[in-house]
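First the structure, in the form of structure tokens, and then the observations on it.
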2 protein chains.
Amino acid sequence: MATIADVARIAGVSRSTVSYALSGKRSISDETRRRIEEAISALGFTPNAGARALKTSQTMVLGLLLQFHQDEFAPAMLEYMLPIADEARENGYDILMVTDANAPQALDRITRSGMVDGVVLLDVTHDDPRLPVLRGARQPGALVGLPASTEGLEVLDLDFGEAARQLVDHLYGLGHREIILISPPKHVFERGGAYSWRFRDAAMERAAKYGIQVFPYFGESRQPAIAVSVNAFLDARPNATAMIVHNDASIAALPAILNSRGVRVPDDLSVVSLYSKNFGRAFSLPYTAVETAPDRLGQQAVQLLVRRIMDPAGAGTPVTRFIAPELTDRGSTK
Amino acid sequence: MATIADVARIAGVSRSTVSYALSGKRSISDETRRRIEEAISALGFTPNAGARALKTSQTMVLGLLLQFHQDEFAPAMLEYMLPIADEARENGYDILMVTDANAPQALDRITRSGMVDGVVLLDVTHDDPRLPVLRGARQPGALVGLPASTEGLEVLDLDFGEAARQLVDHLYGLGHREIILISPPKHVFERGGAYSWRFRDAAMERAAKYGIQVFPYFGESRQPAIAVSVNAFLDARPNATAMIVHNDASIAALPAILNSRGVRVPDDLSVVSLYSKNFGRAFSLPYTAVETAPDRLGQQAVQLLVRRIMDPAGAGTPVTRFIAPELTDRGSTK
DNA sequence: CTGAAAGCGCTTACAG
DNA sequence: CTGAAAGCGCTTACAG
């Protein structure tokens with residue numbers, strides 16, 4: 001591979017001049033610049049990333065830490081990843097994708113070895129074991145998902161409390177007084193997926209305020225358990241006129257379940273949910289829903305992270321930001 | 001961050017001895033090794049990746065190039081990515097995920113800059129614009145998907161021809177003589193997704209051999225076009241007793257479409273398809289299908305690539321390997 | 001079994 | 001506007 005020395009030789013200048021031509025950090029005469037550019041394209045020169053990283057302590061790579069839990073419904077993950085990768089590239093960064101089962105160790109490894117300038121943690125839990133490692137790392141991080149303590153961290157998440165209130169308000173406004181709520185699976189609560197109880201608790205609180213009934217159930221994440229459980233909830237609450245589904249796997253399966261049960265939406269049952277535009281499209285879902293906006297979350301996570309990388313001292317303190325939910329009415333309620 | 005010099009100082013040895021202790025490339029006395037290990041864990045030392053890469057010309061990172069096409073159905077992509085990441089890690093490699101719209105340029109950049117030791121190209125097309133770049137790169141690559149010329153390349157793909165024959169044979173054996181085939185969308189053919197015509201052409205050929213009729217149609221990738229098109233195919237071929245669906249988006253939507261049409265499977269229509277176990281589970285698909293085995297494809301791609309990285313000269317010539325399809329009978333035919 | 005030294009390919013103060 | 005030189009943190013022949 002061509003090195004900066006090759007370029008310098010061919011252009012008849014010193015290596016430092018080539019370097020400055022590349023970085024633009026000092027002025028270069030037009031003639032010199034021309035010769036350097038010519039040599040660069042003649043040789044197809046691209047600076048060696050390792051050498052650059054060694055010298056500058058910057059890799060222009062961001063780590064992206066994904067969690068994959070057993071027995072979980074994965075299709076939505078890609079929706080976070082792609083906007084993150086796109087936003088990173090727009091800011092000049094590449095993405096190192098880390099999927100190790102032992103996430104804390106992997107995070108320790110990529111930060112200590114200086115492979116990344118910062119990290120994005122996806123699917124952060126209440127008591128996330130990656131956070132102690134992140135706090136000890138020299139690189140900053142941005143989280144998607146709300147941990148118990150956000151101290152010193154850039155945190156982004158959907159406002160699940162507000163999402164729950166919007167949905168309950170929507171149904172209450174239409175006159176519904178008995179509502180089934182299908183939450184994420186029990187193991188998501190147990191694992192510390194705070195969005196699960198943030199949504200449920202806000203929904204319950206809102207219902208109490210209005211004096212209406214919301215019946216919460218843990219949903220399932222796999223067939224055939226999903227169908228069995230949804231049918232059981234409906235059987236248990238024959239007077240319920242509406243259903244709130246906060247569970248990806250269950251909402252994806254719902255059209256088939258209701259169909260085979262002969263339940264028409266919204267005539268027999270009003271249904272609202274929580275999912276992204278793309279998710280709804282992939283599963284042809286016809287339900288009124290709050291949009292989870294993974295693209296906005298991912299993009300903003302990268303933006304916060306990049307800002308923090310550029311300015312580690314931090315003009316401002318780290319940000320915890322809740323994205324405002326937006327309801328898309330698809331006519332699945334009445 | 002701690003450097004190898006810090007470790008050497010604390011352990012009271014030279015830097016080279018620390019390095020050799022790390023690599024195991026020469027024997028070290030027990031006492032020395034103990035002191036070095038102590039110093040390493042006391043300091044939390046991890047070798048700097050950039051320095052190591054600069055010296056060894058190895059980054060222990062693999063590039064993973066993804067294509068995301070407009071108007072496409074993405075949920076299956078993650079199924080390739082995760083096994084690739086897992087297999088890479090098992091071999092000591094991290095994954096640089098590259099999603100740039102301008103893939104040839106991105107590939108050029110990550111190879112020339114020496115960011116990766118090799119690359120995996122996903123979703124390779126007949127005339128893939130990334131291949132000229134890959135052929136000019138100093139790092140080897142492995143492809144998933146069949147290009148026009150496999151010369152000098154490690155190539156992996158499902159045997160779509162054999163998959164088509166298996167499915168046609170299955171239906172023929174049950175007595176079906178008029179079969180609807182829903183292929184990938186037209187733009188997949190036009191873009192050069194060879195799996196689209198490899199499957200279709202093999203199905204047609206097999207049908208001709210048996211003297212039965214297979215009616216091929218381009219499927220759609222988005223709702224509501226999917227439902228409209230599938231209904232149109234069924235209307236156009238009222239005598240068809242079976243359907244082969246080689247189209248992710250259409251098969252995902254099929255249960256709802258057939259349901260609303262009042263078509264029972266397999267009583268009114270036999271249905272076979274082509275999808276992975278996970279995909280089928282995510283969409284609760286009840287159809288007999290050939291498994292696409294993205295996990296095996298991804299794993300083997302990484303294995304071939306790593307072998308090639310270790311032994312660039314190559315004991316053997318590059319491999320083009322077609323994974324044998326396996327039919328899973330879910331009782332959707334009769 | 002161990003150490004001193006060169007060098008990988010860059011960037012950037014220092015000097016002119 | 002440009003160049004010579006140091007140094008980032010490793011690895012590995014060379015030497016003992």
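Sequence lines set the chain letters: A, B, ... in the order given, protein chains first and strands last, and positions in each chain run from 1.
- Counting to the nearest Å, the C1' atom of D/dC10 and the CZ atom of B/R9 are 16 Å from each other.
- Of the residues in residues 41-59 of chain B, those lying under 4.0 Å from DNA chain C by heavy-atom distance are B/L54, B/K55.
- Residue A/Q58 qualifies as enclosed at atom CD: its count of foreign heavy atoms under 6.0 Å is above 12.
- With sequence neighbours excluded, no residue forms a side chain to side chain donor-acceptor pair (under 3.5 Å) with A/S57.
- Where DNA chain C pairs in unbroken runs of 3 or more (Watson-Crick or G-U, both distances under 3.5 Å), the stems are C:1-3 with D:14-16, C:5-12 with D:5-12, C:14-16 with D:1-3.
- Dashed line: the shortest gap from a side-chain N or O of B/S23 to OP1 or OP2 of D/dT12 is not under 4.0 Å.
- Of all the heavy atoms in A/V124 and A/P147, the pair that sits closest is CG1-CB, 4.0 Å.
- The environment of A/D30 atom CG is sparse: at most 12 non-hydrogen atoms of other residues, nucleotides or ligands sit within 6.0 angstrom.
- Legend: side-chain hydrogen bond (donor to acceptor under 3.5 Å, both in side chains) pairs involving residues 10-26 of chain B, not counting sequence neighbours, sorted by first then second residue: B/S14-B/S16, B/S14-B/T17.
- At a non-hydrogen distance threshold of 4.0 Å, nothing from residues 108-117 of chain A comes into contact with DNA chain C.
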Using nucleotides 3-5 of chain D, report all nitrogen or oxygen pairs with the protein that are shorter than 3.5 Å.
from	atom 1	to	atom 2	distance (Å)
D/dG3	OP2	A/S14	N	2.9
D/dG3	OP2	A/S14	OG	3.2
D/dG3	OP2	A/T17	OG1	2.7
D/dG3	N7	A/S16	OG	3.3
D/dG3	N7	A/R26	NH2	2.9
D/dG3	O6	A/R26	NH1	2.6
D/dA4	N6	A/S16	OG	3.1

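- Every residue two or more places apart in sequence or in another chain that forms a salt bridge (charged side-chain N to carboxylate O under 4.0 Å, His left out) with B/R130 is listed here: B/D128.
- Looking only at atom types and distance, the side chain of B/Q299 has no donor-acceptor partner in the side chain of B/D295 under 3.5 Å away.
- Looking at heavy-atom distances under 4.0 Å, A/S19 makes contact with a base.
- Listed by chain and number, the residues in a side chain to side chain contact (heavy atoms under 4.5 Å, CB included) with A/R296 are A/A293, A/Q300, A/I323, A/E326 (sequence neighbours excluded).
- When the side chain to side chain contact (heavy atoms under 4.5 Å, CB included) test is applied to B/T99, the partners found at least two apart in sequence or on another chain are A/L82, A/A85, A/D86, B/L66, B/F68, B/M97.
- Separating the CE atom of A/M1 from the P atom of C/dC10 is a distance of 11 Å, rounded to the nearest angstrom.
- Residues passing the side chain to side chain donor-acceptor pair (under 3.5 Å) test with B/D117 are B/T59, sequence neighbours excluded.
- A/E190 pairs by the salt bridge (charged side-chain N to carboxylate O under 4.0 Å, His left out) definition with A/K186, not counting sequence neighbours.
- Taking atom NZ of residue A/K25 and atom P of nucleotide C/dT11, one finds them 8 Å apart after rounding to whole Å.
- In terms of heavy-atom proximity, B/R112 sits nearest to B/R138 at O-NH1, 3.7 Å.
- Within the 4.0 angstrom heavy-atom criterion, only backbone atoms of the sugar-phosphate kind lie near A/I28; the bases stay farther away.
- Shown here are the side chain to side chain contact (heavy atoms under 4.5 Å, CB included) partners of A/I10, two or more places apart in sequence or in another chain: A/A39, A/L43.
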